[in-house]
Amino acid sequence: MRRRWVFGGALALLACAGAGAVGWEQAGSGHPLTAPSSGTSADGYPGLPHTSVQISPGGCGAGWDRPQPGLQVFDLHNTGVAPEDAYVEDPATGRVLGEIEGLAGGAVRPMLVRLGAGSYAFQCLPQDTDAVTGPTVRVPGGAGGSGGAGSGSAGGGGPAVVPVTQQDLIPPTLAYQKWVGAQLPGLVSAVDVLRAAVGRGDSAAARAAWLPAHLDYERLGAAYGTFGDLDGSISGTTKGLPGGTSDPGFTGFHRLEFGLWHGESAASLGPVADRLAADVRTLQSRWAAARMNPKDLGLRAHEIVENTIQFELTGRTDYGSGSGLATAQANLQGTAEALDLLRPLLRTRMPELPQIDAALAATTREVAGLGGVPVSGLTLGQQEALNAAFGDLVTRLAPVAAVCDVRRTS
């Protein structure tokens, strides 16, 4: 974990994880939560039918008077003044097929969605005002209603997902906080072993103790945002530090790593080890009063893997130990923990969950099969296989964050 998580690649495809998403389905996509960015205009969908639909408390869904099945674009027009969110949903089950967030007053934005035979309605959610559901519209077509449980299709339409509420996310979040609390004593003990080796000037023992302690911390990836400034102090890098590895702001695990693998005496690193030990104890003492944002758990399941690709697999956070693959394995374990706690929510919302589990297991095996080789020592074939496994996993995990994004339902 580090204070340098970035959002690129697969995460940019999320349709609902941030404000301004235009819709839930993209032609050819396998899940409703992958879609174009919020800047997409109506001209970006040549050849698709367009329907202008009013979004406002007094006219929610007005204009949808010629329903048709298939992939199509709703050009949503907020005729009010205040920003609004809007869903197109199955009113009987609450499953949502498309979403737009933060549509400004007077603005028009496209929503790309695939509808099958069934009944649908727009739900308009003005800021600081109760939600309004527009008239139910029957889309003609073959037999079948709005699909089965979870993310099933609606009579050949795009997948639909029951929105996750804040209340839904509280139990797994509390369970994760409890799990983290149970890991912290082991982290403190591992750092104490490291500190003792540094203190007695035993460089070999300190190098041997560094990795277990570091991995104990890396497994806690989904909680990093709740650690505050301690995360940077415990596992920060030289990024943004004008003095690089000699900068006073470079502390924690990576500062020790640099010193231990670049000829500094273990004794000279005593103050760094002392501070690290103090920081992890502070983290342990504060954790009981910490409160994770329930929205974080689903988001981190994807972010952990994405950042592993960007930093561990490129060697950008290797300060001499050559332990990038071991850190990647710890990050995968952290992802698995977050995913397991979210499983009760995901099981009915993501039929592709078994494929995600399979991808996670395959990636874990791929890393384990490489042993303790530094990333720089991998052959081209090994690098390609590793990148392919992680690329597949991060793509499959991307919708988890979107499915677990909290949405208004009233």
Side-chain angles (χ1 to χ4, degrees), residues 14-26 31-42 44-45 48-68 70-116 118-139 146 151 154 157-166 295 402-410:
L14 292 184
C16 308
V22 302
W24 277 17
E25 179 155 8
Q26 186 174 20
H31 196 278
L33 303 181
T34 52
S37 68
S38 58
T40 304
S41 68
Y45 307 112
L48 292 180
H50 285 252
T51 303
S52 180
V53 176
Q54 182 177 332
I55 299 299
S56 70
C60 184
W64 191 18
D65 50 12
R66 294 184 179 180
Q68 57 185 310
L71 187 64
Q72 57 195 284
V73 179
F74 291 110
D75 296 311
L76 304 189
H77 181 198
N78 182 355
T79 58
V81 176
E84 295 201 28
D85 299 343
Y87 306 153
V88 59
E89 64 178 10
D90 172 0
T93 65
R95 292 200 302 275
V96 177
L97 287 92
E99 173 189 44
I100 276 186
E101 296 181 348
L103 181 60
V108 178
R109 198 185 305 161
M111 173 194 286
L112 181 67
V113 66
R114 185 186 302 274
L115 299 179
S119 296
Y120 306 94
F122 275 93
Q123 186 177 42
C124 303
L125 301 100
Q127 288 187 0
D128 303 320
T129 306
D130 290 342
V132 176
T133 300
T136 298
V137 174
R138 176 71 188 177
V139 172
S146 299
S151 302
V161 176
V162 176
V164 169
T165 67
Q166 184 99 345
K295 295 173 65 174
V403 167
C404 292
D405 190 37
V406 174
R407 292 173 177 81
R408 284 182 58 189
T409 56
S410 63

In the structure I gave you, are the side-chain heavy atoms of V88 and V96 within less than 4.5 Å of one another anywhere? no
Residues that [X] engages under side chain to side chain contact (heavy atoms under 4.5 Å, CB included), provided they are two or more places apart:
X    : answer
A104 : A107
A121 : P91, T133, T136
V137 : W64, P67
V108 : D75, H77

If you compare all heavy atoms of [X] against all heavy atoms of [Y], which two are closest, and at what distance to 0.1 Å?
X    : Y   : result
T79  : Q54 : OG1-NE2, 3.2 Å
P135 : C60 : CD-O, 3.4 Å
I55  : E84 : CG2-OE1, 3.6 Å

Go through V73 and V113 one step at a time and tell me if the side-chain contact (heavy atoms from CB on, under 4.5 Å) criterion holds. CA-CA 6 Å; V73 179; V113 66; over 6 Å; no
Holding to side chain to side chain donor-acceptor pair (under 3.5 Å), I want the full list of residues that pass it with Q72, two or more places apart in sequence or in another chain. none
List in chain and number order the residues that pass side chain to side chain donor-acceptor pair (under 3.5 Å) with S52, two or more places apart in sequence or in another chain; answer none if no residue qualifies. none
Identify the residue among V53, L103, L76, T51 that makes a side chain to side chain contact (heavy atoms under 4.5 Å, CB included) with M111. L76
Verify, without hydrogens or angle tests, whether D90 (side chain) and Y120 (backbone) share a donor-acceptor contact under 3.5 angstrom. no
So does G102 get a backbone contact from the side chain of R109, meaning a donor-acceptor N/O pair under 3.5 Å? yes
What is the distance from atom CD1 of I100 to atom CG of N78, rounded to the nearest 0.5 Å? 10.0 Å
Interatomic distance, E99 atom CD to E89 atom CD [nearest 0.5 angstrom]: 11.0 Å
Between Y45 and H50, how do the two ring planes meet: parallel, tilted or perpendicular, split at 30° and 60°? tilted
